[in-house]
Amino acid sequence: MRAFWQRRRVGSALPRAPYPRASDPVSVRSTLAPVVLAAATGRFALLHRVVAVTAAKSSSASSPSLKGLLPVSRVTSSNARGSSNKAHHGWSVNSSGHNESLVVLSHANAKRKGVVCAAGTFRAFALDVSGTAGGAKAASTDREETNKKTMTPATTRVIVWFRNDLRLGDNYVVQKALNLCASDGNVEVLPLFVFDPRQFATSKWGSPKTGGHRGRFLHQAVADLRLNLKAINSDLLVQVGHPEDIIAELMLGGGKTTIVLTQTETCSEELAVDRSVASAVATASGGSDKKNGLTKIWGSTLYHRDDIPYDVSLSDLPDGFTPFRNKVESKAAVRKPKPPPTKGALPLATGVSFGKEMLPIDSLPFVNPDDLKIAKQPVHSKAVLPFQGGETAALARLQYYVWDSENIATYFDTRNGMLGGDYSSKLAPWLALGCVSPRFVEHEVRRFETSRVENKSTYWLIFELIWRDFYKFFAMKHGDRLFKSGGTAAGGKFVKWRADDAALSAWKNGTTGFPMVDANMRELKATGFMSNRGRQNVASWLVLDAKVDWRLGAEYFENQLIDYDASSNWGNWVAAAGLTGSRVNRFNTAKQSKDYDPQGEYCKHWLPELTGVPGKFIADPRNMPGDVQQSANCVIGVDYPAPFKLPPQDFGGGGRGGGRGGGRGGPGGRGRGRSDGRDKRGDKQKAQAENIFQ
């Protein structure tokens with residue numbers, strides 16, 4: 001067992017990577033695209049392209065914004081941490097949300113800028129800060145030279161079909177492609193991403209699967225992946241359509257081999273697409289080459305599927321988190337992260353039109369025009385972070401949270417917050433799309449523990465990653481039962497839920513009259529994000545108080561959340577409904593508000609109607625005397641809704657479960673809830689653990 005005392009290491013400062021000196025501030029745009037990787041003392045040094053541009057030059061709207069991705073401590077003093085109302089985020093904010101912006105670095109901060117990605121494991125080095133387009137020209141020249149060297153027609157095409165693994169570092173699918181290239185000089189690689197209309201279509205419960213916030217974040221992540229691939233003399237073919245149709249058309253034919261590589265997914269809709277692709281590849285090849293086919297590669301979890309101590313069928317996987325965690329921690333090990341590919345290591349497929357520009361966001365197959373409008377807007381000014389999709393932003397956030405701010409050292413104490421950028425890692429959105437791997441996050445935490453501090457907080461972030469794993473394997477074990485009315489509990493029966501459109505609408509719009517619920521739901525609608533604490537409360541209200549079908553809540557979260565992950569979202573919701581065979585955890589939202597937002601700062605942040613309400617009445621405004629309501633300009637039933645009339649509380653539920661997130665998108669989101677209300681470790685941690693379900 002681990003001991004949770006805090007140990008401050010002597011000489012803990014890490015060496016900073018070199019950065020060119022400059023006598024004056026220089027405007028730079030860091031694409032943070034991997035270029036060259038060098039092995040050194042057992043670690044990897046990832047070089048990134050830093051191209052200088054002039055302030056007058058603007059870039060295409062399809063390029064990801066980088067202002068807002070760098071820690072505030074690295075930009076000019078006018079944005080120094082604490083100097084503005086956005087500085088608590090730890091990032092500077094890009095007001096446009098789309099257009100690539102310039103970050104002006106002072107000489108002192110330019111030196112610090114030498115370390116951008118994950119504090120030394122992936123180190124950034126400037127290749128060109130001359131103030132010209134030399135870096136871009138050099139990349140173009142390198143690409144031309146690579147193309148000259150690969151004029152011989154390839155006999156094998158490897159299609160790297162990216163899905164929820166939008167990164168180059170520690171990507172097992174990319175590693176497989178690298179291995180194939182290394183073993184055969186006649187291999188070409190075709191990186192592909194497809195915006196599948198089925199992932200945007202309206203669900204059978206009524207909500208479009210992908211809404212505006214989620215679509216924006218996904219588009220940014222794909223655009224960033226494309227930039228990073230181009231920086232290593234590759235590219236990304238971005239299409240809209242059914243993957244099975246597109247992949248079939250991209251096969252070489254003529255007796256040549258086409259191998260399709262993709263990451264293994266866990267839920268039924270994604271697995272159905274896998275079967276369609278495999279069938280299409282087989283049909284297109286006509287049996288001419290047995291090597292043709294779809295190869296699925298596991299890579300989305302902290303612990304590899306092959307390493308966990310359970311049967312291949314996962315039939316012996318426990319339905320509770322604690323026994324799962326205890327067993328994997330004692331009998332499995334986390335694999336070391338793999339480096340990203342070097343320049344030229346993925347010979348680019350020929351005869352394919354990749355296009356000069358990223359597919360515009362207008363091309364995404366939104367079924368609701370309003371979602372496209374949302375996707376084209378910048379991140380809401382009140383959001384906890386100016387979230388930007390992509391590996392670049394993921395590594396920058398990890399660098400900030402672990403190394404620059406050292407917020408990870410107090411994570412356990414702050415993780416139940418709801419307001420501000422630093423109460424938790426906020427890595428969930430990037431983990432959901434695979435912009436950073438959980439193994440790399442764990443690797444950085446372990447390095448931090450070795451070089452600086454090891455305590456309960458540093459372990460707790462890894463603890464959350466294990467929760468995320470649990471729901472991946474939980475979804476694989478239960479299959480479509482994860483989406484049934486009665487949940488996954490053994491012998492689970494159909495549960496008849498209340499049809500209450502008024503309650504569902506009030507919940508979605510944040511007009512229930514319960515401030516803790518309303519504030520969180522308005523944050524979700526405005527930003528696509530919500531804290532773990534909030535997710536547990538709103539799920540409990542909808543399912544256990546209003547008695548609305550839990551699946552209606554799950555599918556709305558699927559539409560809204562930028563950190564949506566099918567396994568975690570649906571697994572968390574079925575657990576919140578108490579339908580996993582354990583006890584019910586019902587939240588008293590008024591008490592939760594008093595405990596976690598005692599002065600009402602969070603509720604007032606998202607509920608302007610309550611601005612003048614005294615803090616002691618925020619949790620339940622209906623308790624305000626009439627004269628206080630008048631003086632606060634908040635008359636209940638007029639300025640702010642009276643509490644929604646709820647049905648009698650006689651619902652027994654299906655069991656324990658507790659809405660917790662494991663990381664990616666259920667009521668527990670990046671979650672902190674425990675499956676039984678407490679973390680029972682059997683050591684000092686047991687005494688320290690808190691009951692968060694009160």
Side-chain angles (χ1 to χ4, degrees), residues 82 84-89 380-385 407 410-424 426 506-507 509-527 529-542 544-546 585-646 659 667 669 672-673 690-694:
S84 73
N85 61 348
K86 303 290 176 59
H88 70 280
H89 293 157
H380 197 284
S381 61
K382 288 186 176 181
V384 291
L385 283 181
N407 284 329
T410 57
Y411 170 63
F412 183 83
D413 300 317
T414 64
R415 74 195 193 286
N416 284 308
M418 294 180 290
L419 191 62
D422 288 350
Y423 63 78
S424 68
K426 307 293 189 301
W507 179 79
N509 293 304
T511 56
T512 67
F514 294 84
M516 184 64 136
V517 175
D518 292 346
N520 277 284
M521 293 305 296
R522 292 193 200 182
E523 179 184 13
L524 175 64
K525 190 172 185 178
T527 70
F529 189 81
M530 186 194 299
S531 71
N532 167 70
R533 177 60 47 188
R535 298 183 199 207
Q536 295 177 43
N537 274 272
V538 302
S540 177
W541 188 92
L542 182 70
L544 303 181
D545 291 345
N585 286 299
R586 179 180 284 114
F587 285 75
N588 181 327
T589 60
K591 185 178 186 305
Q592 289 275 304
S593 182
K594 292 176 182 177
D595 289 345
Y596 297 101
D597 188 31
Q599 300 304 315
E601 294 178 51
Y602 173 76
C603 287
K604 291 181 180 181
H605 187 72
W606 289 105
L607 304 174
E609 312 96 298
L610 303 183
T611 300
V613 175
K616 64 181 180 179
F617 294 118
I618 287 292
D620 195 352
R622 63 184 167 178
N623 290 331
M624 281 192 296
D627 59 333
V628 176
Q629 293 186 34
Q630 292 290 341
S631 62
N633 294 316
C634 184
V635 176
I636 302 304
V638 178
D639 301 301
Y640 180 70
F644 194 89
K645 186 176 181 180
L646 296 168
R672 282 68 161 161
E690 63 178 341
N691 186 344
I692 69 166
F693 291 110
Q694 298 303 318

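- Distance check: Met516 CE to Leu607 CG gives 11.0 Å after rounding to the nearest 0.5 Å.
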Side-chain polar contacts of residues 632-643 - donor-acceptor pairs under 3.5 angstrom, sequence neighbours left out - could you list them?
{"residue": "Asp639", "atom": "OD2", "partner": "Val635", "partner atom": "N", "Å": "2.7"}
{"residue": "Tyr640", "atom": "OH", "partner": "Asp518", "partner atom": "OD2", "Å": "2.5"}

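- Gly421 and Lys426 make their closest contact through O-NZ, 3.4 Å (heavy atoms, listed as atom of the first residue, atom of the second, distance).
- For the pair Trp541/Thr512, a side-chain contact is recorded, criterion being any heavy-atom separation below 4.5 Å from C-beta on.
- Side-chain contact check for Phe514 versus Leu646: some heavy-atom pair is nearer than 4.5 Å.
- The salt bridge (Lys or Arg N to Asp or Glu O under 4.0 Å) contacts involving residues 621-636 comprise Asp620-Arg622, where partners must be two or more places apart or lie in separate chains.
- With 3.5 Å as the limit, one finds a donor-acceptor pair spanning the side chains of Asn532 and Gln536.
- The side chain to side chain contact (heavy atoms under 4.5 Å, CB included) check on Ser540 picks up Leu544, Arg586, Phe587, with sequence neighbours excluded.
- Between the side chain of Glu523 and the backbone N or O of Met530 there is no donor-acceptor pair closer than 3.5 Å.
- The ring pair (Phe, Tyr, Trp, His ring centres under 6.0 Å) search around His380 returns Trp606, not counting sequence neighbours.
- Contact between Trp507 and Met521 at its shortest, heavy atoms only, is O-CG, 3.1 Å.
- The closest donor-acceptor contact from the side chain of Ser531 to the backbone of Gly534 lies under 3.5 Å.
- For residues 607-619, the set of pairs meeting the side-chain hydrogen bond (donor to acceptor under 3.5 Å, both in side chains) definition, not counting sequence neighbours, comprises Arg522-Glu609.
- A donor atom on one side chain and an acceptor atom on the other are found under 3.5 Å apart for Asn520 and Tyr602.
- A distance of 7.5 Å separates CD1 of Ile618 from CG of Asp597, quoted to the nearest 0.5 Å.
- Remark: Lys604 engages no residue in a side-chain hydrogen bond (donor to acceptor under 3.5 Å, both in side chains) (not counting sequence neighbours).
- Side-chain N or O atoms of Asn537 include none that pairs as donor or acceptor with a backbone N or O of Val517 at under 3.5 Å.
- Between Leu610 and Pro621, the shortest heavy-atom contact is CD2-CG, 4.3 Å.
- His605 contributes no side-chain N or O that, together with a main-chain N or O of Leu419, makes up a donor-acceptor pair within less than 3.5 Å.
- Looking only at distances, no side-chain donor or acceptor of Asn509 sits under 3.5 Å from a matching main-chain atom of Thr511.
- With contacts defined as side-chain heavy-atom distances shorter than 4.5 Å, the pair Ser593/Pro515 does not qualify.
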